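Below is one structure, written out as structure tokens; comments come after it.
The figures that follow rest on heavy atoms only: side chains count, while hydrogens, waters and symmetry mates do not. Quick caveat, the model's predicted, so the values are computed rather than measured. Per chain, numbering begins at 1; letters A, B, ... match sequence-line order.
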Protein chains: 2
Amino acid sequence: MAISLRAMEYFTTALRHENIAKAAAELNIAASAVSAAIDQVETAFDLTLITRQRSRGIQANASGRLVAQKFERLLEDYRSVLSEGADLKAALSGTLRVGYYAPIAPAFLPSILSSFVPADGKVLLHLEECDNDSAQDGLMKGTYDVILFVSEDVRPTIDFDVLIEAPAYCLLPGSHPLAAQSSVTMAQIAMQPLVVLNRPVAADYYQGLFDTHSKDVTIAAYANSTEMVRSLVGAGHGCAVLNMQPLTSLSYCGAEVVGLPISDPLPALTLSIGYDKSRPRRLVQHFVDACRAHFAQAGPQRCLVEGP
Amino acid sequence: MAISLRAMEYFTTALRHENIAKAAAELNIAASAVSAAIDQVETAFDLTLITRQRSRGIQANASGRLVAQKFERLLEDYRSVLSEGADLKAALSGTLRVGYYAPIAPAFLPSILSSFVPADGKVLLHLEECDNDSAQDGLMKGTYDVILFVSEDVRPTIDFDVLIEAPAYCLLPGSHPLAAQSSVTMAQIAMQPLVVLNRPVAADYYQGLFDTHSKDVTIAAYANSTEMVRSLVGAGHGCAVLNMQPLTSLSYCGAEVVGLPISDPLPALTLSIGYDKSRPRRLVQHFVDACRAHFAQAGPQRCLVEGP
DNA sequence: ATTCATACCTCGGAAAATCAGATTTATTTA
DNA sequence: TAAATAAATCTGATTTTCCGAGGTATGAAT
């Protein structure tokens, strides 16, 4: 007792034409298939719905027409579900869930998003700041559509594109003697008290930098938010090594900070964008494209500190 | 780009359990089938809807949940269409379209119908008086669900049950000399002026009666409605031979009429009920049963003239 | 009455879809 | 490291579906 969608389709077209052969022609199938479909429906309901009159086509009785009506509605629903599913991929609408491990994302995400998100309110954004691992977890589990993360520490199964290589730079109080220079060396930095950004991947990365260049450094503070680091630096607690910078030289505490390139050759952090490359939704693909365009053009000038 | 209902079913149950094996168990199928169904859906939409994590089951992303929701709704609609179709057969509701070739049907149909039609207004009756041929045509074409007709002239493809053998009787004016007898002979009738019911099957039948019993008869009038015949008889234009009689001895014109059995052995007319025996709707079957019950018990006393 | 065209029905074989079961692979847990 | 779990994959069997070639009933035209 089940009726396939195919049988419904055949049944309704046959009934629309009141003629099995014509229906078969429209459907590009054999007439016998249409006849079989009608049998299927009648058997399933155990009802006579159509009277077949040789050389006269077929004719539905009242029940048949009623059933056909219901079928038509169901088929319509079916098609709309399919096309809505296709829209899910095609449409620039729906929900875009971004997980990012990029503390200065507020510096660039808004402008990127506004470059392609239509103003009609059909797109709902979910922006979630998280650490590198949970970003990747979320992407794999489908919690995020796309993630911005540091690909130095990437799972093998994750598809991603590199957005930008972010070299380390030194952040100094505006009033600091070194701030007058055009660049600094690791040796110079190592002599200052340091404010260290203490976040999963970054902490190890910065640790590595100092381990290779100078053994003895004075840590003045650890902070797990970029803005806290900037404000500590601005207040003169020390200097810091960071990789990306916002578009303002004022910290939250109102003090000026200065970013200077580091003349030593240092490994960079790689900001990457991860997403399902095999079948991205159009909304996701647009976002990815916008990010890549942004960093290809304006990136270096806006979020990085130029090298020497 | 098509998704079978089966695939939808598998997809949604897999998602409900967040586990392919459990879904397969619930559906009583192999896990591979569920996995294949998910692939089918994802391929159709060219979207990743579910992330599969070995030893952790599966998890849908937002699009997957959305799609599943739409699927669920569609499946629900599907099931309701099926069950509504089943109701079409099972329920004592819907439309009952009766075609009848039985001029005195008003004498018995109402009481038969009221014996099983529920009072909740869920049954719509279409009662259509027609001739014997168009009744059978209508049944074959599905215009009527059931017909009351004379099976002396029946198409080979029509299923029917005999309701009653209706012997011919003689209708006389209440004031007629013969009305005092308990029965009459064809010879007596043949000497009277006759009012003949002139309808498709009946006309031939009555012609045959007189052809075999007496050559010379005087036709006073032909009329193609039973009530006109009765009123003509009541008004003294002649007498008539009929097969069934209403429950009143008064004609429309107010004159009394009397029905007397005919002592000669005559072929009877067979009132039968025709319908789709192979898969009758419940409503139709009830009607048929009610008709058979009615004529099995009360028939002879109510609509016929008892034989001698 | 005969012939012809139309349109449905039946039946066999072929193609496709679907399924189950065994095997393989990946992950978590002990 | 081993065991347990769960998904992926592969293969052969089964079922469904389809087509095409007759066959047959009906109505119209000659």
| Nearest listed nucleotide, side chain of B:Arg52, among D:dA8, C:dC8, D:dC18 |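 The nucleotide sitting nearest to the side chain is D:dA8.
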| request: State which of D:dA7, C:dC19, D:dT17 makes the closest approach to the side chain of B:Asn19. | output: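 From the listed options, D:dA7 comes nearest.
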| query | Stepwise, does the side chain to side chain contact (heavy atoms under 4.5 Å, CB included) test hold for A:Asn198 with A:Tyr206? | reply | CA-CA 9 Å; A:Asn198 190 25; A:Tyr206 297 126; over 6 Å; no
| remark: Each nucleotide of nucleotides 22-30 of chain D classed B (base within 4.0 Å of a protein heavy atom), S (only sugar-phosphate) or -, in 5' to 3' order, makes -BBBBS---
Mind calculating the distance between [atom1] ([X]) and [atom2] ([N]) to the nearest angstrom?
X        : N      : atom1 : atom2 : value
A:Arg155 : C:dA26 : CZ    : P     : 17 Å
B:Ile29  : C:dA20 : CD1   : P     : 6 Å
A:Glu9   : D:dC18 : CD    : P     : 11 Å
A:Leu27  : D:dC18 : CG    : P     : 10 Å
B:Ile20  : C:dC19 : CD1   : P     : 14 Å
B:Ile38  : D:dA6  : CD1   : P     : 15 Å
A:Ile58  : C:dC8  : CD1   : C1'   : 10 Å
B:Ile3   : C:dT18 : CD1   : C1'   : 17 Å

| Across the strands shown, which category fits B:Asn28 at heavy-atom distances under 4.0 angstrom: base, sugar-phosphate, nothing? |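 Sugar-phosphate contact only.
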| query | Which is true for A:Gln40 with a 4.0 Å heavy-atom rule: it touches a base, it touches only sugar-phosphate, or it touches nothing? | reply |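 The residue A:Gln40 makes sugar-phosphate contact but no base contact.
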| task | Run the numbers on A:Arg97 and B:Asn61 for side chain to side chain contact (heavy atoms under 4.5 Å, CB included), then give the verdict. | result | CA-CA 10 Å; A:Arg97 291 154 311 158; B:Asn61 61 24; 4.3 Å; yes
Short heteroatom pairs, N/O only, protein and nucleotides 21-23 of chain C, under 3.5 Å:
unit_1, atom_1, unit_2, atom_2, d
C:dG21, O6, B:Ser32, OG, 3.4

| request: Answer yes or no: does a side-chain N or O of A:Tyr10 lie under 4.0 Å from OP1 or OP2 of D:dC18? | output: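 A:Tyr10 to D:dC18 OP1/OP2: side-chain N or O found under 4.0 Å.
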| said: Check this one for me: any side-chain N or O of B:Arg6 less than 4.0 Å away from OP1 or OP2 of C:dC19? | reply: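 Yes, because at least one side-chain N or O of B:Arg6 sits under 4.0 Å from OP1 or OP2 of C:dC19.
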| message | So, taking the atom named CZ in B:Phe45 and the one named CG in A:Asp87, what distance separates them when rounded to the nearest 0.5 Å? | response |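 The CG atom of A:Asp87 is 10.0 Å from CZ of B:Phe45, to the nearest 0.5 Å.
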Donor-acceptor list for residues 62-73 of chain B side chains, cut-off 3.5 Å, not counting sequence neighbours:
unit_1, atom_1, unit_2, atom_2, d
B:Arg65, NH1, B:Ala60, O, 2.9
B:Lys70, NZ, A:Glu84, OE1, 2.3
B:Glu72, OE2, B:Arg16, NH1, 3.4

| Is there a donor-acceptor pair under 3.5 Å between the side chain of B:Ser35 and the backbone N or O of B:Ala31? |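 No, because the side chain of B:Ser35 does not come within donor-acceptor range (under 3.5 Å) of the backbone of B:Ala31.
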| Worked check of side chain to side chain donor-acceptor pair (under 3.5 Å) between B:Arg199 and B:Thr226 | CA-CA 9 Å; B:Arg199 290 182 59 92; B:Thr226 295; over 6 Å; no
| query | Given the rule in the side chain to side chain contact (heavy atoms under 4.5 Å, CB included) test, do A:Asp153 and A:Asp133 qualify, once you have shown the distances and angles that lead to the verdict? | reply | CA-CA 8 Å; A:Asp153 179 40; A:Asp133 279 327; 3.7 Å; yes
| task | Quick one: do A:Tyr144 and A:Tyr275 satisfy ring pair (Phe, Tyr, Trp, His ring centres under 6.0 Å)? Show the steps, please. | result | CA-CA 9 Å; A:Tyr144 304 130; A:Tyr275 63 107; over 10 Å; no
| query | Are B:Asp145 and B:Arg281 within salt-bridge range, i.e. N to O under 4.0 Å? | reply |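 Judged by the 4.0 Å cut-off on N to carboxylate O distance, B:Asp145 and B:Arg281 do form a salt bridge.
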